[in-house]
Amino acid sequence: MDTPLSTIAVVGLGTMGTGIAEVLALAGREVIGIDISEAAAVGAVASLEASTARAVARGRITEQERAAALARFRTGDSLRAAADAELVIEVVPESYEIKQQVFRELDAIVSPTAILATGTNALSVTRLAAESQRPERVLGLHFFNPAPAMKLVEVVSSVLTAPPAVETVTALARELGKEPVAVGDRPGFVADGLLFGYLNQAAAMYEANYASREDIDAAMKLGCGLPMGPLALLDLIGIDTARTVLEAMYAESHDRLHAPAPVLGQLSSAGLTGRKAGRGFYTYDAPGGQDVVPDALTPAAESTAGSGREVASVGVAGSGTMASGIAEVFAKAGYGVVLAARSQEKAEVAKGRVAKSLERSVAKGRLSAEARDETLARITAAGSLDAFAEVDLAVEAVAEDLEVKQQLFAALDKVCRPGAVLATTTSSLPVVAIARATARPEDVIGMHFFNPAPAMKLVEVVRTVLTADDVHATVRAVCAKIRKHPVDCGDRAGFIVNALLFPYLNNAIKMVEQHYATLDDIDAAMKLGGGYPMGPFELLDVVGLDVSLAIEKVLHKEFRDPGLAPAPLLEHLVAAGCLGRKTGRGFREYARR
């Protein structure tokens, strides 16, 4: 062990600094909080008193532990107060000039054995270390906000950092109850390096008027299980802060995906920096507030009564998991469903899959036996599309192949009655190209369900330039009846979810390719630091590496952005037949069942 780290100074008593000080004091460390602002110091003490009082009330700590923690925390208005500290963590504003000044002054104050840590998430640790007289004892210690709650701590080494210093702060992080991940020095490190590229693309998507802020945020929450949508998260982080991080990332990567979307600069310049200002992408009840209030961009309450076509019966084409799931969704909602496959046998197998799903719901107490029987009775298995002659809505869920879908829609065009709505569940193909296979492209629309369809609440409703208004209204009304949340988007590659999700996954693969961080550390960083339900490599293996590669190729082909080119490692794994869980091996190996 390098240094015991019993006395620790925290420089900068904003929200993050105060949170770090609380974590340290509760863990038994003597903590010196330093800020040139007396108000900040007073606020930090008040915040620590209030948060520890809440912890006592909730039974997390005792009153004695609270009193001891408060006694271990003291404040000062000068860096000289850090003279006895064995570790100094600075969390001052994201400015090289300010941080370098702090390090230069600390060099003359603290012990030669003291470790100096920067809390930056955007600036170069190496550049900050080079300005110090002890670069081997300078590293990054990146906590996440709120520090008392968030488990992730990124321990950032520069080429100058001595291993014993890294080992010491890593051990400290574990003693604090945190999960440290070791990363190299580049802007954003792991979690923010992946997160901010995704946030930037969401801002650009909104700026392009491709989808509303509400639909973008709902799509990522419901389609990916994220705790917060990207635009709401930008408001929480601070739009000015996000822009600073992206500028630092772009300066190093020169990747256009990191070039800050102009809307971020415009909002920052206007002082609309998010929650702290009371307005950003959304409007809040007050500066610093968290309750969104209606503004000029808030969509009006939806009313589709009388504006769409009547839908009483539905045809679902396909025999796979998605087709069965969609048939189950419609049947549960009371629709008569024709489930058609290429043969009667395949159709019966698909209906049998629905029966098993419904039986599981009964076993878990989510569905009554009577409702199960009624739902299954609404589904008719058919071995030919001819059974779609009288349906009001036909939904295809066949292979993700443009030629296959075009052939199917040409057949639907001949079979389905005039006025029937024809919907494709494609996740990556141009809907208009499918629509043009018919003589009625105005009746064609995208309905992108997510797997498993019975559980996932999101449907991306994809209009082409030819889709009729009443067809769009019909599908939105149907989504409401089947209890799905529709989000509107135009007909371009990836729609909302995949267009934002897969570049993020691709960037995670590039991190591994560059030996910047391990699979496990990247997955841990995104789950612990970003609140993601799965790490990127867990998700890639579940989705299927071949499916992921196909989507990334489509995105790259449409947007022609070099940053969207599929990572070679992904292509190599697919070529080797390592496709994820379904083959027993992808980025990780899985036990055969």
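Being a predicted model, the structure only gives us computed values, none of them experimental. The first residue in the sequence is number 1, and the count goes up from there.
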### Candidates T118, V11, V88 - the one meeting side-chain contact (heavy atoms from CB on, under 4.5 Å) with F103
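The single option meeting the side-chain contact (heavy atoms from CB on, under 4.5 Å) with F103 is T118.
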Any chance you could measure [X], atom [atom1], to [Y], atom [atom2], to the nearest 0.5 Å?
{"X": "I237", "Y": "K276", "atom1": "CD1", "atom2": "NZ", "result": "10.5 Å"}
{"X": "R29", "Y": "R72", "atom1": "CZ", "atom2": "CZ", "result": "9.5 Å"}
{"X": "L87", "Y": "L141", "atom1": "CG", "atom2": "CG", "result": "7.0 Å"}
{"X": "E538", "Y": "D520", "atom1": "CD", "atom2": "CG", "result": "9.0 Å"}
{"X": "Y284", "Y": "D295", "atom1": "OH", "atom2": "CG", "result": "10.0 Å"}
{"X": "L234", "Y": "Y282", "atom1": "CG", "atom2": "OH", "result": "10.5 Å"}

Any heavy-atom pair between the side chains of [Y] and [X] that's under 4.5 Å?
{"X": "L505", "Y": "I509", "value": "no"}
{"X": "K151", "Y": "K527", "value": "no"}
{"X": "L26", "Y": "E65", "value": "no"}
{"X": "R74", "Y": "E30", "value": "yes"}
{"X": "I216", "Y": "L500", "value": "yes"}
{"X": "F502", "Y": "V543", "value": "yes"}
{"X": "F143", "Y": "V91", "value": "no"}
{"X": "D521", "Y": "V190", "value": "no"}

Does either side chain, that of [X] or that of [Y], offer a donor lying less than 3.5 Å from an acceptor on the other one?
{"X": "E86", "Y": "S6", "answer": "yes"}
{"X": "Q101", "Y": "E105", "answer": "yes"}
{"X": "E22", "Y": "S51", "answer": "yes"}
{"X": "T161", "Y": "S158", "answer": "yes"}
{"X": "T298", "Y": "R213", "answer": "yes"}

### Task
Test N506 against L564 for side-chain contact (heavy atoms from CB on, under 4.5 Å), laying out the working first.
CA-CA 8 Å; N506 201 40; L564 295 175; 5.8 Å; no
Do the side chain of [X] and the main chain of [Y] share a donor and acceptor less than 3.5 angstrom apart?
{"X": "K178", "Y": "M150", "value": "yes"}
{"X": "D235", "Y": "F281", "value": "yes"}
{"X": "D192", "Y": "N121", "value": "no"}

### Query
Could you go step by step and tell me if M249 and R186 meet the side-chain contact (heavy atoms from CB on, under 4.5 Å) rule?
CA-CA 8 Å; M249 292 172 64; R186 75 179 192 185; over 6 Å; no
Which heavy atom of [X] sits nearest a heavy atom of [Y], and at what distance?
{"X": "A25", "Y": "A69", "answer": "CB-O, 3.7 Å"}
{"X": "P566", "Y": "E571", "answer": "O-OE1, 4.1 Å"}
{"X": "A259", "Y": "N200", "answer": "O-ND2, 2.9 Å"}
{"X": "A53", "Y": "R66", "answer": "N-NE, 3.3 Å"}
{"X": "A82", "Y": "I109", "answer": "C-CG2, 4.4 Å"}
{"X": "P148", "Y": "V23", "answer": "CA-CG2, 3.6 Å"}

### Message
Is the ring pair Y532/Y198 parallel, tilted or perpendicular, if the boundaries are 30 and 60 degrees?
### Response
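Judged by the thresholds at 30° and 60°, the geometry between Y532 and Y198 is perpendicular.
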### Aromatic ring pairing F144/H142, orientation class (parallel under 30°, perpendicular over 60°, tilted between)
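Geometry flag for H142 against F144: tilted rings.
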### Task
May I have the step-by-step check of side-chain contact (heavy atoms from CB on, under 4.5 Å) for L116 and D107, ending in yes or no?
CA-CA 9 Å; L116 304 182; D107 277 337; 4.0 Å; yes
### Query
Quick one: do E247 and R243 make a salt bridge, cutoff under 4.0 Å?
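Yes, charged N to carboxylate O under 4.0 Å.
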### Task
Tell me, with the steps shown, if R134 and E136 meet side-chain contact (heavy atoms from CB on, under 4.5 Å).
CA-CA 5 Å; R134 60 184 88 200; E136 74 285 355; 4.0 Å; yes
### Task
Take D185 and S124 through the side-chain hydrogen bond (donor to acceptor under 3.5 Å, both in side chains) test and state the conclusion after the steps.
CA-CA 6 Å; D185 181 26; S124 168; 3.2 Å; yes
### Heavy atoms of other groups near R279 CZ, more than 12 under 6.0 Å
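Not more than 12 within 6.0 Å, no.
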